[in-house]
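Input: a single structure, listed below in structure tokens.
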Amino acid sequence: MTQQHRATGAFGVKGTGDTSGFGGLVRKIAHPGSTERPYGGYFDEVADELERSYPEFGEDIERVIIDRGELTLHVKAARLVYVAQVLRDNPGLRFEICLGVNGAHYPDDKGRELHCVYPLLSMTFNRRIRLEVSVPDAHPHLPSLVELWAGNNWHERETFDMFGIIFDGHPGLTRILMPDDWIGHPQRKDYPLGGIPVEYKGATIPPPSERRSYR
Amino acid sequence: MTTHDPYASSRETTEGRVYSVTGNDWDSLVIEIGATKEERIVVNMGPQHPSTHGVLRLILELEGETVTEARAGIGYLHTGIEKNAEYRTWTQGVTFVTRMDYLAPIFNETAYCLGVEKLLGVTNEIPERATVIRVMMMEFNRISSHMVALGTGALELGALSPMIFAFREREKVLDIFEMISGLRMNMAYVRPGGVSQDLPEGGIAKIRETIKELRHNFKDNAKLLIGNTIWMKRTQGVGYLDLAGCTTLGITGPILRATGMPWDLRKSEPYCGYENYDFDVITDDGCDTYGRFLIKMDELEQSLRIIEQACDKLDKLDGAPVVIADKNIGSPADLRVGADGLGNSEEHIAHIMGQSMEALIHHFKISTEGFRVPAGQVYSTVESPRGEIGAHLISDGGTHPYRVHFRDPSFNNLQSLAAMCEGSMIADVVAAVASIDPVMGGVDR
Amino acid sequence: MGLEEQLPAGFALTTIEDLAGYMRKSSLWPATFGLACCAIEMMAAGAGRYDLARFGMEVFRASPRQADLMIVAGRVSQKMAPVVRQIYDQMPDPKWVIAMGACASSGGMFNNYAIVQGVDHVVPVDIYLPGCPPRPEMLIDAILKLHEQISNTKLGVNREAIIREVEATALASKPTFQIQGLLKS
């Protein structure tokens, strides 16, 4: 159940005439996996309260990960609004503040390439958790949470701009950081960094994405 | 309206009828528009405009002098810092991240470094002296950022002297930064594992002297503005945003504390040892621009208190290390400017070249490859002068970050513009934006 | 009718050049064009300690139509580039541009999709000022160098001659990355 990726090559670029052999290195990356109960700290209270108020909790939450002192709930994309509403409105949970939307692109995670992370903060109980949803590249649609937390408006626009995730129900999903007619979604892994080689006296240095560097 | 005037014409566009006016024909324009019963005027302020705090574009729909709709256009400073950091090592990421919210660089760096250290699992191994220096630099940065906010805010409302006073105090703080880190702004001083170098000789004495001067001079601005009728008339009741508005918009910082909610991450989720410092959380009940201004003025004094306590702690920790003991992560922080004007550490070079093979290997690995951070994701937050700044870091186990995302406070705070300005006068828009204190580098990243 | 339309020739031209240069440099009015971190150092240069008022420059004009110097202070993003050009076009002649900071001069540390690699892709630049951000004293030094440049500007026929000469030298010189030998040459 853990997310597995493979990283090939010790250096960032291919085809550089490298004879060390390290260019052929294959490294398995294991992201932290599901955690079993008891979670420790206030995470147990949060999980108990969720189960109590929300009978389908077991089916809609795909995974619970406790890593480095933080709780991540992987939620099914279709049930995101419902889970978020329970987290916000339930008197035992009261996560009033959503600290934004972050996207991440995992091209190796077939079928679940685009992840969206929502950190939540409860001022009432002084707790923090994180919601994570995954959508495939082929159909990158997620329900919008602007109705629940109005501050997510610009965050969702930014995630659309940078990753191409389309938030259904957003009042005005347009590009926010790039010019309006820009093509492509810059922070995806298949979008190049876009630097140019720099001229110095006697040499040109390639941009950082094309230099040999340890990965 | 039958004479054809080539300069005062109207034409149909996809947005409706657009009128061009060049002067002396305003009344003919009003008559023409009056005939169509449409009275909306859209005014575009910026992106180049003195009152918009950087490259912010304000699109205001006006009915007379009242703003009926206010929208903010951002993205004019988008730098792609987050993507660029994916091609650099974790330590080099500090230099990128420090330029996001450029008025509070130490806060960006600290949020990032706390995140990296959490991912590495070494939060408890950071030496205490490094933590205390981080706290001291953060509080100095809070003072310098508030000085810019107060100065430019006052300048936009027409008060010119507070700007000069504020920048005068800010210069003293920048002198301290230069003494400690070598640079006035964008220092890249806080690094994963500690700080980049220790305080110089006589540093604490200079800091104590500066604190005295600052405390004496903060009264200048206070005397000019607090209780000043013009200032109060322009800022009281302006930019109103209550607690419900703040929570749904995800707003933190002085705007939230102006609603009366005493939410400060330094007290509620202490990091860097803030639980050991004695200071107050300043709140105000007004929910308006005047309240936010008073909060900023009072936070200056609280920052000075914290810095004094930090100086006392530093006196006791004299000679302690400022970088983590684990050589795999921390580079030795003892550079000195040599006779040739270059920075080098003679002891370190002698050590790695002559005395220890392991040290040479560590130096080589850290300089070329950087350290590897185990896979996972973390969200670390810090209370910056504008609110909660959060670093969401995702690692894939390598030397380069997989994804660096910053939840910048100004990004959320600026969304409150519509809530604050719609229904008020144009001049109040300027006051409201000044009280939000957005830093476009953080908004656009 | 500007000065350039009414120029005499010969030694009178040299006198006019000196006079015009002196007048123009003595009260250069900058347009507020602070973009990012360098803008804060520009404000500090205009504030009390590093006073720009002693050069007649503390009035940062909000309207580009009243300004003759554009200090591009900060990184120019793709979205901002057309705005830079529009502001430059709105400024009346004679106008000068200082690219302040590494990002305005060459894209700086941000060699990526979002930043224009040097504002000279968009507007012609007179002085490039490196630094990240440059200290206020460095900005004042750049301004003083610009003052020297302005007071030595040639007008009329002399100007055309100089332009031809400079262009010929530039076309005949080697590109930077082919320069061999000592780095300083």
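A note on names: the letters A, B, ... follow the listed sequences, proteins ahead of strands, and every chain is numbered from 1.
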Examine whether an atom of C:Cys132 lies under 4.5 Å from a heavy atom of chain B, and if so say whether it belongs to the side chain, the backbone or both; otherwise answer neither. both
Proximal component of C:Arg49, with respect to chain B [non-hydrogen, under 4.5 Å]: side chain
Given B:Arg168, B:Arg170, B:Met163, B:Arg99, the one with more heavy-atom pairs under 4.5 angstrom with chain C than any other is B:Arg99
Would you indicate whether the side-chain heavy atoms of C:Met109 and B:Thr95 approach each other to under 4.5 Å? yes
Minimum heavy-atom separation for B:Arg184 to C:Pro136, with atom names? NH2-CG, 3.4 Å
Using non-hydrogen atoms and a 4.5 Å limit, figure out which bit of C:Phe110 sits close to chain B: side chain, backbone, both or neither. both
Does any heavy atom of chain C fall under 4.5 Å from the side chain of B:Leu160, the backbone, both, or neither of them? neither
Side chain, backbone, both or neither of C:Ile87 within contact of chain B (heavy atoms, under 4.5 Å): side chain
Closest contact, heavy atoms only, C:Leu35 versus B:Tyr102: O-OH, 3.7 Å
Which atom of B:Ile164 lies closest to which atom of C:Ala47, heavy atoms considered: CD1-CA, 4.4 Å
Main-chain N/O of B:Ile81 paired with C:Asn112 side-chain donor or acceptor, under 3.5 Å: no
Counting only non-hydrogen atoms closer than 4.5 Å, does B:Leu183 touch chain C with its backbone (N, CA, C, O), its side chain (CB onward), both, or neither? neither
With a 4.5 angstrom heavy-atom cut-off, could you sort out which part of B:Phe96 is near chain C: side chain, backbone, both or neither? both
Keeping the roles fixed (side chain from C:Ser77, backbone from B:Tyr76), state whether a donor-acceptor pair exists under 3.5 Å. yes
Between chain B and each of C:Pro133, C:Ala36, C:Ala39, C:Gly48, count heavy-atom pairs under 4.5 Å; write down the option with the most. C:Ala36
Decide yes or no on side chain to side chain contact (heavy atoms under 4.5 Å, CB included) for B:Val55 and C:Lys79, but give the supporting numbers first. CA-CA 11 Å; B:Val55 284; C:Lys79 212 167 171 182; over 6 Å; no
Heavy atoms of C:Cys37 and B:Met185 approach each other most closely as O-CE, 3.5 Å
Under a 4.5 Å heavy-atom cut-off, does chain C meet the side chain of B:Glu178, its backbone, both or neither? side chain
Within a strict 4.5 Å, meaning less than it, do heavy atoms of the C:Arg75 and B:Leu77 side chains meet? yes
Honestly, the part of B:Met187 sitting under 4.5 Å from a heavy atom of chain C is neither
Should B:Arg57 and C:Val83 count as side-chain neighbours, where that means a heavy-atom distance under 4.5 Å? no
